[in-house]
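Have a look at the structure below, then the notes.
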Number of protein chains: 2
Amino acid sequence: MSVSLRPSEALALWHDVTLDLVREGGHDFSSRQITILLTIYLEQPPHTVRGLAAKLNVTKPVITRALDTMGALDLVTRRRDEKDMRNVIIQRTVKGALFVEKMGDVIVARAKELKR
Amino acid sequence: MSVSLRPSEALALWHDVTLDLVREGGHDFSSRQITILLTIYLEQPPHTVRGLAAKLNVTKPVITRALDTMGALDLVTRRRDEKDMRNVIIQRTVKGALFVEKMGDVIVARAKELKR
DNA sequence: TCCGATTGTTACGGAAGCGTTATAGTCATA
DNA sequence: TATGACTATAACGCTTCCGTAACAATCGGA
């Protein structure tokens, strides 16, 4: 029902994965940005600025800025909510899905190689 | 000899942990900063600016800046290498050790709660 | 039809990170 | 001892992000 890890293994995994992502040389995302991206791709839509801000316990401009950045990289898209024009619905993109998928592969690979 | 994870589980774990770290409200570190911190605390000393730069595949000023930031937060310290005064030896601090330890606990807890 | 509440964004001055380049200090060796 | 290699850092101009506050657009009920 769960994954059993010792703290030393957990930290080693985190280290190995982030090292891979850094060495890869792609964008250097912050924890906030990663969390936003994963929330959009893992949790049930629809996602709004307000919803993400509440979930992450940050202010709305933080979400707006992150969406600006990741939108420029084509990792997410925004559109107005037809039902309530105040809302903005955040949507996934092909590029974003590939990015997240690749990230999952890195974690899986590093977990498999983990010395216990 | 390894930890078996499916990609969806791996991503869920990553999401849950980063969400915890973000909601916690502490500093919003980048992947580079996290990697540097974990390398210092998990890998065998001594750690130098050059060594970290080579390992992470980034330039030395990137390391210097990260050490400035984390040093100001008392998560790491620097001292000159007595044997070779050109080198700077990066050292751990109590506060940094506690931070890393807490991070390990978060990962372990989230792994345990992971639905499979 | 107002009018308060709600949504997301923009504006602001400041802080921090970027890559590149220059620099100061130290070493090793010829 | 002079010189070239090597270390880490500082300086540069630029970009991004910060938190706070103001803002325009939209909703919904009085």
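To find a chain, count down the sequence lines: A is the first, B the second, and so on, and within it residues start at 1.
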Please report the distance, rounded to the nearest Å, between [atom1] in [X] and [atom2] in [N].
X	N	atom1	atom2	result
L52(B)	dT7(D)	CG	P	13 Å
L67(A)	dT7(C)	CG	P	16 Å
D68(A)	dT16(D)	CG	P	10 Å
K60(B)	dC18(C)	NZ	P	16 Å
H47(B)	dT7(D)	NE2	P	17 Å
N87(B)	dT26(C)	CG	C1'	10 Å
R79(A)	dT9(C)	CZ	C1'	18 Å

Hey, which of these two, R50(A) or R80(B), hits DNA chain C nearer its 5' end, going by closest nucleotide?
R50(A)
If you compare every side-chain N and O of Q33(B) against the phosphate oxygens of dA16(C) (OP1, OP2), does one of them come in below 4.0 Å?
no
Tell me whether the OP1 or OP2 atom of dA8(D) has a side-chain N or O from T64(B) closer than 4.0 Å.
no
Reading DNA chain D from 5' onward, which residue's closest nucleotide shows up sooner: T48(B) or D28(B)?
T48(B)
Within the 4.0 Å heavy-atom criterion, would you say S30(A) contacts the bases, only the backbone, or no part of the nucleic acid?
nothing
With sequence neighbours left out, the residues meeting salt bridge (Lys or Arg N to Asp or Glu O under 4.0 Å) with R86(A) are D84(A)
For R50(A), look at atom CZ and say whether over 12 heavy atoms of other residues, nucleotides or ligands are found less than 6.0 Å away.
no
Counting only heavy atoms not in R92(A), do more than 12 sit closer than 6.0 Å to its CZ atom?
yes
What orientation do W14(A) and W14(B) show, parallel under 30°, tilted 30 to 60°, or perpendicular over 60°?
parallel
Which is it for D74(A) and T93(A) under the side-chain hydrogen bond (donor to acceptor under 3.5 Å, both in side chains) test, yes or no, and what are the steps along the way?
CA-CA 7 Å; D74(A) 198 29; T93(A) 65; 4.6 Å; no
Any donor and acceptor pair, going by atom type alone, linking the side chain of K95(A) with main-chain N or O of L73(A) inside 3.5 Å?
yes
R110(B) and side-chain hydrogen bond (donor to acceptor under 3.5 Å, both in side chains): which partner among D16(B), D20(B), D105(B)?
D20(B)
Minimum-distance nucleotide (side-chain atoms of V49(A) versus dG17(C), dA8(D), dT9(C))
dT9(C)
Taking the side chain of R78(A) as its heavy atoms from C-beta onward, which of dC17(D), dT9(C), dA8(D) lies nearest to it?
dT9(C)
Starting from L114(A), can I reach L21(A) by hopping between I/L/V/M/F/W/Y residues whose side chains sit under 4.5 Å apart?
yes
Do any N or O atoms of the protein come closer than 3.5 Å to N or O atoms of nucleotides 27-30 of chain D, and which pairs are they?
unit_1, atom_1, unit_2, atom_2, d
dC27(D), OP1, M85(A), N, 3.1

Any protein N or O atoms within reach of nucleotides 19-22 of chain C? Criterion: under 3.5 Å, listing atom names and distances.
unit_1, atom_1, unit_2, atom_2, d
dG19(C), OP1, R32(B), NH2, 3.4
dG19(C), N7, R65(B), NH2, 3.2
dG19(C), O6, R65(B), NH1, 3.2

Polar side chain donor-acceptor pair, D28(A) to S30(B), under 3.5 angstrom:
yes
